[in-house]
Amino acid sequence: MTEAMDGGCACGRLRYRVRSAPMFVHCCHCKDCQRQTGTAFVLNALIEADRVELLSGDPRAFAMPTDSGRPHTVFRCPECGTAVWSEYGGRSALRFVRVGTLDDPQALPPDVHIYTRSKLPWVALPDSVPAFDAYYDSKALWPAASLERRRALFG
Ligand SMILES: [Zn+2]
Ligand SMILES: [Zn+2]
């Protein structure tokens, strides 16, 4: 298991520590993620919320409108507005940590590319990483240990 990784917002007031490797890393090319980040895709590390330790700061929750209508809450530094993680579907036990806010974002390359139907045409994806037009079957793709961790969260 990877050792702990630290991250934080742009102004430095919000700092956090991820205590272990995530279960899986998504690179999402959907239109919501493009709009909300202002760029081509988002990188999310999926990890148990209780493995993310808040070191300083007080993340503020923002309810985001989505194309699907499914709840999506983004947590941001209240001072500088940097988004540090998300919750989807009101499931607060599972956190989607924004990989770009880690001090070493290279540590967590994507395990899958999703919603490539709206991928910007000049983004070239490697053949070595699975890619899907929309969502995917996590049972087929996640390592057994990660599926076990998710079962421990949601039963
Ligand atoms: Zn900040
Ligand atoms: Zn997305």
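Atoms within each ligand, like the ligands themselves, are counted from 1 in listed order. Residue indices begin at 1 and follow the sequence shown. This one's a predicted model, so the numbers in the text were calculated from it and none came from an experiment.
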Determine whether E53 and L55 satisfy the following criterion, side chain to side chain contact (heavy atoms under 4.5 Å, CB included), listing intermediate values before the conclusion. CA-CA 6 Å; E53 182 185 348; L55 302 175; 3.8 Å; yes
Quick check: does C30 have an N/O/S atom under 2.8 Å of the Zn ion (ligand 2)? yes
Using a cut-off of strictly less than 2.8 Å, determine whether C28 has an N/O/S atom near the Zn ion (ligand 2). yes
Nearest 0.5 Å please: distance from the NZ atom of K139 over to the CG atom of L147. 7.5 Å
Here the pair of heavy atoms bringing A45 nearest to L108 is CB-CD1, 3.9 Å
How large, to 10°, is the angle at the Zn ion (ligand 1) when you draw lines to SG on C9 and to SG on C80? 110°
Can S138 and R150 be said to form a side chain to side chain donor-acceptor pair (under 3.5 Å), step by step? CA-CA 11 Å; S138 54; R150 193 174 61 179; 2.9 Å; yes
